[in-house]
Amino acid sequence: MATTTVTMEQHPQSSSSSSSSSYLRVVEARLESARLAFDDDLALQVVVAAASTDPKVLDVVVDAASTIATNLRYDDASLVEQAEAALRVPVVRYAEHLSDEAAARALEAARALASTSADIGITSAAADALASTLSALLETTLFLHSSNCTKAHDFVEAIDDLCRALLVDAVPGEYASTLTSDNVKALAQRMPNDATTTSLPRVVHPPTSTSRETFPDALGSSENDDDDDDDASA
């Protein structure tokens, strides 16, 4: 299968509306061509290549990434990982330029990707990308509004799913997987059913975080299956 690499001219530094509009039309045309070709890989490359400080361009590329993220097949793990990496670029690099609408779409995409990954697993690189995206979203104006309870719930659900994704291929008793970004810190570990009767620590917490969790006594029961433990702070 042939591989296509997308390159884009840099967003014009000129402040003229005609230059910005021309660049926006080019981005929209590239994305539309990818959509018509049913080529999500190509569309995600456009998202990465076209992202800029222009809020209108960001609206378009984030919307494209979100549309792909919310419609991915569960059996296409490589494309899921590519989407997680692509979404990171416009959100992390240009968080301060995101409109509330673009930030909301990015959160929708992040939650969808985390949910998918909770079923199929996630690589450490993809997990770091998704954690960075969620971290950057906390710095957008989307979360400045106290009325955004639903968005806060979506954010927490995305973190929970991200931790579950880290546990898909985890072996009971092995070292915990950790995520550390500016605003999100998480730890996920699959514990053996005799965790509280061994020398394993009863208290776990993400690095540099004040959030922690203590294993209950019941975890040591031989009747329990291996237990999943995750702890996160934001």
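Applying the under-4.5 Å side-chain rule to Ile, Leu, Val, Met, Phe, Trp and Tyr, the cluster around V89 extends to V48.
Under the 3.5 Å distance criterion, the side-chain polar atoms of Y23 are matched with a main-chain donor or acceptor of A50. Distance alone, capped at 3.5 Å, is enough to place a donor-acceptor pair between the S33 side chain and the A29 backbone. Formation of a donor-acceptor pair under 3.5 Å by the T141 side chain with backbone atoms of L144 is not found in this model.
Side-chain contact of S117 with D119: a donor-acceptor pair under 3.5 Å is absent, judged by distance alone.
Within the 4.5 Å cutoff, the side chain of D76 has heavy atoms near those of the S78 side chain. With contacts defined as side-chain heavy-atom distances shorter than 4.5 Å, the pair V27/V61 qualifies.
The CG atom of N183 lies 7.5 Å from the CZ atom of F155; values are rounded to the nearest 0.5 Å. We find the NE2-OG distance between H97 and S52 to be 8.5 Å, quoted to the nearest 0.5 Å. Summarising the geometry, atom CG belonging to D182 is positioned 13.0 Å from atom CG belonging to L134; distances are rounded to the nearest 0.5 Å. A distance of 10.0 Å separates OG in S181 from CG in L130, rounded to the nearest 0.5 Å. The CG atom of D40 sits 11.0 Å away from the CZ atom of R35 when rounded to the nearest 0.5 Å. Rounding to the nearest 0.5 Å places CG of L58 at 12.0 Å from CG of D63.
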Exercise for review: Give the C-alpha distance, both sets of side-chain angles, the deciding distance and a yes or no for salt bridge (charged side-chain N to carboxylate O under 4.0 Å, His left out) between E28 and R25.
Suggested key: CA-CA 5 Å; E28 290 174 328; R25 286 194 296 272; over 6 Å; no
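Partner of E84 under the side chain to side chain contact (heavy atoms under 4.5 Å, CB included) criterion, out of L162, I122, D128, T123: I122 alone.
Residues V47 and A86 approach most closely at CG1-O, 4.0 Å, considering heavy atoms. L167 and A188 make their closest contact through CD2-C, 3.8 Å (heavy atoms, listed as atom of the first residue, atom of the second, distance). For A103 against L137, the heavy-atom pair with the smallest separation is O-CD2, 3.7 Å. In plain terms, the two heavy atoms of A43 and I68 that are nearest each other are CB-CD1, 3.6 Å. Among all heavy-atom pairs drawn from V80 and I120, the shortest one is CG2-CD1, 4.2 Å. When every heavy atom of V62 is checked against every heavy atom of A102, the shortest pair comes out as CG1-O, 3.3 Å.
Taken together through direct or relayed side-chain contacts under 4.5 Å among Ile, Leu, Val, Met, Phe, Trp and Tyr, L87 and L138 form part of one hydrophobic cluster. Hydrophobic clustering (side-chain heavy atoms under 4.5 Å, transitive across Ile, Leu, Val, Met, Phe, Trp, Tyr) keeps V92 apart from L44. Linking ILVMFWY side-chain heavy atoms closer than 4.5 Å, directly or via other members, places V91 and L142 in a single hydrophobic cluster.
Remark: E101 pairs with no residue by the salt bridge (Lys or Arg N to Asp or Glu O under 4.0 Å) rule, at least two apart or across chains.
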Do any side-chain atoms of residues 106-115 form donor-acceptor pairs under 3.5 angstrom with protein atoms, and if so which ones, sequence neighbours left out?
residue, atom, partner, partner atom, Å
E108, OE1, R105, NH1, 2.8
R111, NH1, D154, OD1, 2.6

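By the 4.0 Å N-to-carboxylate-O rule, R164 lies close enough to D161 to be salt-bridged with it.
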